[in-house]
Every structure is written in C-alpha cells, then in structure tokens.
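Step one of this worksheet: look at the structure below.
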Amino acid sequence: MFGNGVVGILSETTNKWERRAPLTPSHCARLLHGGRGKTGVSRIILQPSTKRIHHDALYEDVGCEISEDLSGCGLILGIKQPKLEMILPDRAYAFFSHTHKAQKENMPLLDKILAERASLFDYELIVEDTGKRLLAFGSFAGRAGMIDFLRGLGLWYLNHGYSTPFLSLGSSYMYSSLAAAKAAVISVGEEIATMGLPMGICPLVFVFSGCGNVSHGAQEIFKLLPHSFVDPTKLPKLHEMARDLTQSKHPSKRIFQVYGCVTTSQDMVEHSNPSKPFNKADYYAHPEQYKPAFHEKIAPYASVIVNCMYWERRFPRLLTTKQIQDLMGNGCPLVGICDITCDVGGSIEFINQTTSIDSPFFRYEPSNDSYHYDLEGEGVVCSAVDILPTEFAKEASQHFGDILSHFTGSLASFRNLEELPSHLKRACIAHYGGLTQLYEYIPRMRKSDLHDPSIVLSNSSANGRKYTVLVSLSGHLFDKFLINEALDIIEAAGGSFHLVKCQVGQITSALSYSELEVGAEDKAVLDKIVDSLTSLANSSNSLGSQDKENNISLKVGVFQETIMDEKCDAKVLILGAGRVCRPAAKLLGSIGSMPPNKWLKSSITADFEEQNCVQVIVGSLYLKDAEKYRLLKVFQMQKQFSLTLQITSLFLVASH
C-alpha cells in the first residue's frame with residue numbers, strides 16, 4: 001500500500017474538544033488539482049466527523065471522499081494518536097505519537113505499528129537541519145491560554161469586589177476566529193487606556209516564564225493591551241512606586257496600563273556558590289549546583305505568573321508549595337497562575353491537576369493547602385488547560401497544513417525510505433515492522449525497566465561487570481539522536497550499560513538528561529569507553545555556537561571495582577548502616593574466608609560449605625553511613641550505595 005498516492009485523514013477521537021485537522025479543504029484542493037505527477041496525491045479520503053472545524057461537505061466540494069473505510073489509503077494522517085484498532089497493516093501513518101523517547105504509556109501504540117508492519121512518521125521529529133521544528137502548535141497554545149486567563153481574571157476580580165474591563169472577554173473558543181478574539185482584547189485595552197484600572201489591583205504585573213513559541217504567543221495577546229515591559233531587576237522599584245501612590249493623598253487614582261516582565265533561567269536560579277555567576281550551559285549541565293531564586297527575586301512582585309517554560313525534575317521548581325504559602329502570608333500581590341505548560345506537580349508544585357476548556361479554573365488556597373472550584377474565596381486562581389491550540393482550531397489547522405501539505409506528496413508516493421528528503425527520513429520511527437536506525441535505542445530504553453523517568457532505579461549494577469562508572473549525559477540526546485552514538489560506543493567496546501536515571505525533554509527546546517552505569521570486565525576497556533564518550537562530547541561542543549543544539553555535557557563519576565567471585569551467588573541486603581550493621585556485615589562477608597568450623601553449628605550446612613562468598617549490600621537512608629562499609633575489605637560488596645538507598649526507601653514505604 002505504500003506509495004499509492006491515496007491519502008486518508010482520521011477522525012480525532014482522543015478529546016471532545018479536538019477539532020483540528022492536519023489538512024484543510026484548501027490544502028486538499030491544491031493537492032488534488034495540482035495533478036498526481038506534481039503533488040504525488042491522487043485521492044484524499046476523510047473519515048466523517050461532525051466536530052472537525054471544517055465540515056465534511058467542504059472537503060467533498062474540492063474533490064475529497066468521505067468514508068469510514070481508509071483501507072485503500074497508503075498514507076493516513078491525524079493530529080493525536082489514533083485508537084489501536086485504527087492501525088492498518090502496511091500503511092504509512094503521520095501524527096504526534098509521543099513514542100520516540102520510549103514513553104511508556106504509548107508503547108502499546110508503537111508495538112501495534114510494528115506488528116502491522118506499518119510506517120510511523122512523527123510530526124514532532126520533522127525538523128530542519130538546524131534542529132528547528134517545522135510542525136508545532138506552541139504559539140496557538142500561548143494565545144488561547146492568555147485570552148482564557150484574562151477572562152478568568154475578570155471573574156476573579158468581580159468576586160473580590162472589582163469591576164474590570166476583563167469581565168467582557170470570553171474564552172478563546174467562543175470567538176469565530178483568532179482575529180475576532182484579538183479584536184475583543186483590543187477593545188478591553190481601549191477601555192483600560194481610557195477608564196483605567198482600580199488602584200487597588202495595581203500595578204497589574206504579568207510575569208512570563210520562558211521565551212519560546214508559547215511565551216511569544218502569550219505575549220502577542222498581552223501586547224494588545226496598553227502596556228510597558230519591565231526588566232526583572234526593576235520590579236522592586238515598580239512595586240515601591242505603586243505603594244507610594246496607594247498611600248498618597250489621592251488613593252482613588254487609576255492606572256491606565258498593565259506591566260509585563262519576561263523571565264529566563266538566569267532570573268529563576270542562582271549558583272549555590274555566591275562567588276560564581278549564573279552560566280546557562282553550566283546550569284543545564286549541573287542544575288544541582290544551583291538554588292531557586294524566583295520566589296525571592298520575581299514572585300513577590302507578580303500579579304499573574306504566565307508559565308510558558310518546560311521543566312524537568314532535575315531543575316529547581318519555579319515555585320514550590322512552601323514558597324507560595326510563605327509569599328501569600330507576607331502579603332504577596334499574586335492573584336493568579338496561568339500554567340500553559342500544564343505540567344502537573346511540575347515547575348509550579350501546587351498545580352496538581354489539568355483543567356478543561358469548559359471548566360478552566362480552580363482556586364488554590366495556600367493558607368490551608370486546599371483546592372476549590374469557585375472563585376469567591378481567598379488564594380490564587382489557577383488554569384492549566386491541556387489542549388489549548390484547538391480553541392483556535394481553524395487558524396491552527398491552516399498554519400499546520402500550510403507546512404504539512406508540502407510534505408504530503410512525498411509521504412504519499414514514497415516506496416523506499418531512501419527516496420524521502422532527509423527531514424522526513426529522520427522523522428520515520430518505524431518502517432516495515434522494524435525501528436529505523438535512528439530509533440534503535442528505544443528497545444534499550446524499554447529494557448531498562450524505567451517505570452518512572454524521574455526517579456533513580458533500584459536495579460543491580462551494569463550486568464554484574466567488575467568495573468563500573470556512573471556517566472551523566474545532558475543535551476538533546478533523543479531529538480538529536482546523540483543517545484544512539486553514546487550507546488553504540490559502549491556496546492562496540494564490549495561494555496554494558498544500565499539506565500539509572502532518565503529525564504526526557506518533551507519539547508524541542510528542552511534538554512534531556514540520562515545517567516548510565518557503564519560496566520566492563522577490564523578497567524582498560526572502561527577507560528576506553530569513557531575516553532570515547534569524552535571525545536563525543538568534545539566533538540559536539542567544538543562545533544561552536546552555531547550548533548549549540550548538538551552539544552553534550554558529560555560528567556563521569558568515580559570508578560568502582562566490584563570484587564565478585566564467580567561462585568558468589570548469595571546476596572544479602574542489610575537495611576540500616578548503624579552499629580548493628582557492622583558485626584552482621586563482617587560475619588556475612590567472612591563466609592568463604594574463614595573455616596566453617598568457626599561458624600555456629602546451627603549455620604553449618606552443605607550449602608554453606610560449598611558457598612565461597614556472600615555479596616553484602618548495605619542500604620541506608622544516609623549515604624555517608626553506608627559508604628563507610630566500603631572500608632571492610634573482608635567481604636564482597638557491591639559499590640552502588642546510591643542505588644540501594646532507593647531499595648531501602650521502597651521497603652520503608654511498603655511497611656506503612
């Protein structure tokens with residue numbers, strides 16, 4: 001079926017609000033009437049949908065066919081992941097699959113693709129040679145999220161005794177177009193410019209975190225209001241000026257603009273060593289050396305935090321629950337959180353849920369750590385809608401199809417993967433029942449048994465190898481396929497690896513982080529592996545600022561030797577590293593090094609006589625306590641105390 005020139009378009013089934021389409025009627029018309037010889041497309045068949053932003057009849061008018069049956073299609077397009085039963089054999093599929101980082105929840109979909117010998121192209125992976133994504137909806141999420149929150153702000157202030165121009169705004173989906181929504185915001189801005197805002201809610205400061213597409217989209221809407229942007233360092237002065245106005249002889253004075261402040265990572269953290277300045281590259285490579293500062297430098301002066309940045313658990317949070325409780329207790333003017341990232345329990349810790357388009361707000365009350373679904377009480381109003389771009393389904397579909405339509409012909413007519421241009425070939429995860437070369441790391445990731453990518457695993461060391469070292473890699477490991485090169489280096493040299501920790505960036509601009517426990521039987525082999533990984537990192541970094549996206553940060557831990565006899569089959573885990581542990585560890589470790597007749601008679605069995613050694617693992621909540629047992633040379637011990645700490649934690653949780 002590959003390459004027959006027939007394109008199918010799926011009906012979206014993941015969410016009732018999903019109204020976007022990968023191609024609009026105008027895109028289909030161009031593809032159909034341009035001639036297959038030029039466009040590569042001979043027919044387009046759409047599954048019927050009564051909620052798609054463009055009606056079926058509009059597609060029929062330009063020559064498309066409407067049918068539930070897509071079995072005649074060689075290429076099938078969608079937006080979100082389809083149901084498993086929609087995957088047909090020997091077809092090419094393109095949609096946002098969220099599988100290339102071995103995301104556990106989507107592995108059944110990938111398995112189905114492979115089982116049906118289908119091809120999978122992921123829109124997220126269609127990038128320029130520079131790494132810039134060609135297909136994305138981020139700016140529409142920012143626009144819709146900002147408009148929705150301005151509406152919520154009007155409701156919030158009304159419930160707290162203030163009438164504001166924001167009250168006249170509707171949610172984004174309530175407008176027939178993005179232009180109509182912008183016109184409504186402009187109208188609100190005109191009222192602010194002429195009538196002003198109550199002094200009691202001013203200065204109204206919107207703090208934007210991040211400066212990517214999402215942030216740009218949100219700022220685009222914000223700029224339709226009368227505004228001034230303030231440098232993060234000037235926020236205290238702005239706050240002080242407002243306080244002086246409030247205490248003046250004319251406290252009823254109104255303010256005729258709003259304020260914006262764009263913050264980046266240098267405004268959010270500072271180095272733990274006061275003598276060291278912030279360095280972005282160093283921060284991404286070693287976030288553990290930095291401490292949060294947003295709650296001290298920015299949040300005390302914010303009215304609204306518009307969260308647009310991607311966050312990983314290895315970085316300090318933007319705002320913790322404790323920090324917001326302290327801030328609000330000290331009279332912080334914060335009234336709302338517009339979390340466009342929808343990162344539950346993420347950079348803003350107390351955002352514990354996503355919200356829906358039809359119910360976008362909840363109220364968090366820091367004083368008693370409680371959540372409510374009205375806007376009448378104290379606290380902050382929060383929004384975290386997880387499907388924002390579809391609120392502007394018409395414009396988002398047009399924007400998306402403008403780009404996708406240029407690739408559709410190639411995807412519909414190819415029979416051999418090598419025929420495709422490089423940016424499409426790189427985006428192919430699976431083909432004819434197998435993973436393509438760039439994505440051969442996925443089974444390796446799955447074999448690591450990584451159930452929660454944010455925690456340290458408690459599995460054993462790198463396949464029982466005698467010498468091990470912990471290697472940390474940071475960079476665009478997956479979207480730039482650098483992880484492949486690293487794993488190939490390890491395996492080609494005869495080493496093995498165990499994935500200890502993995503945190504994958506979910507957007508192109510975000511870095512990924514992996515910790516690998518690399519093992520080898522010979523220290524020279526391990527040295528060679530480390531040298532090769534270092535060369536990989538150095539070569540990527542030597543490309544300079546023009547190709548920063550390919551840079552890798554490498555950190556190598558201390559070499560450890562695990563002295564293990566081949567006959568050492570018994571393993572004993574001791575929980576706790578206190579005074580009781582020492583004699584127990586010595587006793588267990590001395591098996592095989594002392595005559596059996598010195599053991600208690602009750603312990604002398606044939607099994608013990610045949611046993612040459614016992615591997616003793618000491619687990620403690622306190623690493624330093626466990627590490628001191630490395631000095632006991634008389635017994636065999638695995639030197640991975642940081643991993644056994646996790647085992648201890650699991651035991652403790654199970655005991656409650």
Side-chain angles (χ1 to χ4, degrees), residues 2-13 18-68 70 72-82 86 91-97 119-128 133-141 143 176-179 213 389-414 420-421 423-424 427-428:
F2 291 116
N4 69 352
V6 183
V7 177
I9 296 180
L10 294 162
S11 61
E12 299 296 326
T13 59
E18 186 53 83
R19 300 182 297 151
R20 289 171 292 179
L23 297 173
T24 68
S26 62
H27 298 130
C28 293
R30 184 176 63 80
L31 290 169
L32 288 172
H33 303 311
R36 182 179 178 183
K38 292 184 178 180
T39 67
V41 176
S42 60
R43 297 166 63 199
I44 298 178
I45 305 172
L46 290 90
Q47 288 186 325
S49 173
T50 55
K51 67 176 183 178
R52 191 183 287 125
I53 190 62
H54 298 290
H55 300 158
D56 292 349
L58 295 176
Y59 286 96
E60 287 183 303
D61 289 344
V62 300
C64 297
E65 305 166 41
I66 306 298
S67 173
E68 287 284 2
L70 299 183
C73 303
L75 170 66
I76 298 176
L77 305 175
I79 296 293
K80 298 290 190 178
Q81 304 100 317
M86 291 182 173
R91 269 68 169 189
Y93 286 84
F95 48 81
F96 288 104
S97 73
S119 291
L120 173 60
F121 293 85
D122 194 314
Y123 298 139
E124 188 178 351
L125 302 174
I126 300 179
V127 298
E128 296 176 343
R133 272 179 65 178
L134 295 175
L135 289 164
F137 289 108
S139 61
F140 289 95
R143 293 167 184 145
S176 60
S177 65
L178 175 59
N213 287 336
T390 196
E391 293 200 62
F392 290 124
K394 187 182 298 182
E395 290 82 4
S397 297
Q398 185 67 39
H399 167 79
F400 195 80
D402 285 346
I403 303 169
L404 179 61
S405 59
H406 291 291
F407 310 146
T408 303
S410 298
L411 294 173
S413 59
F414 87 97
L420 292 173
H423 61 278
L424 295 180
C428 184

Atom pair CZ/CG of Phe400 and Leu135 - distance to nearest 0.5 Å: 4.5 Å

Is there side-chain contact between Leu31 and Val7, with at least one heavy-atom pair below 4.5 Å? no

Polar side-chain atom of Ser397 near backbone of Ala21 as donor-acceptor pair, under 3.5 Å: yes

Working to the nearest 0.5 Å, report the span between CG of Leu125 and NE2 of His423. 12.5 Å

Nearest 0.5 Å, what's the CD-CG distance between Gln81 and Asp122? 8.5 Å

With a 4.5 Å limit on heavy-atom distance, are the side chains of Arg19 and Arg52 in contact? no

Heavy-atom closest pair (Ile403 atom, Leu134 atom, distance to 0.1 Å) is CD1-O, 3.0 Å

Using side-chain heavy atoms (C-beta onward) and a distance below 4.5 Å, is Leu77 in contact with Phe95? no

Sub-4.5 Å side-chain heavy-atom contact between Leu46 and Asp56: no

Between the OH atom in Tyr59 and the CD1 atom in Ile44, the distance rounded to the nearest 0.5 Å is 9.5 Å

Using the six-membered ring of Phe137, assess whether NZ or CZ of Arg20 lies under 6.0 Å from its centre and within 45 degrees of the ring axis. yes

Nearest atoms (heavy-atom pairs only) where Thr408 meets Leu75: O-CD2, 3.8 Å

How about Phe121 and Phe407: are their ring centres within less than 6.0 Å of each other? no

In this structure, are over 12 heavy atoms from other groups packed under 6.0 Å from His33 atom NE2? yes

For residues Pro25 and Asp61, determine if any side-chain heavy atom of one lies less than 4.5 Å from a side-chain heavy atom of the other. no

All side chain to side chain donor-acceptor pair (under 3.5 Å) counterparts of His399, not counting sequence neighbours: none

dist Arg30:CZ -> Lys38:NZ (nearest 0.5 Å) comes out at 12.0 Å

I need the minimum non-hydrogen distance between Arg91 and Gly72, along with the two atoms involved. NH2-N, 4.3 Å

Please find the pair of heavy atoms, one from Ile45 and one from Cys73, that lie closest to each other, and give the distance. CD1-SG, 3.9 Å

So do the side chains of Gln47 and Met86 get within less than 4.5 Å of each other, counting heavy atoms only? yes

Over all atoms of both residues, closest heavy-atom pair of Glu12 and Lys80: OE1-N, 3.1 Å

Decide, yes or no, whether a salt bridge links Arg43 with Glu65 under the criterion of side-chain N to carboxylate O below 4.0 Å. yes

Closest heavy-atom pair, Tyr123 versus Pro22, reported as atoms and distance to 0.1 Å, is OH-CB, 4.0 Å

Rounded to the nearest 0.5 Å, what's the gap from OG1 on Thr24 to CG on Leu58? Could you check? 10.0 Å

Are Leu120 and Ser97 side-chain neighbours, meaning at least one heavy-atom pair lies under 4.5 Å? yes

Could you tell me whether the side chain of Gln398 reaches within less than 4.5 Å of the side chain of Ser26, counting heavy atoms only? yes

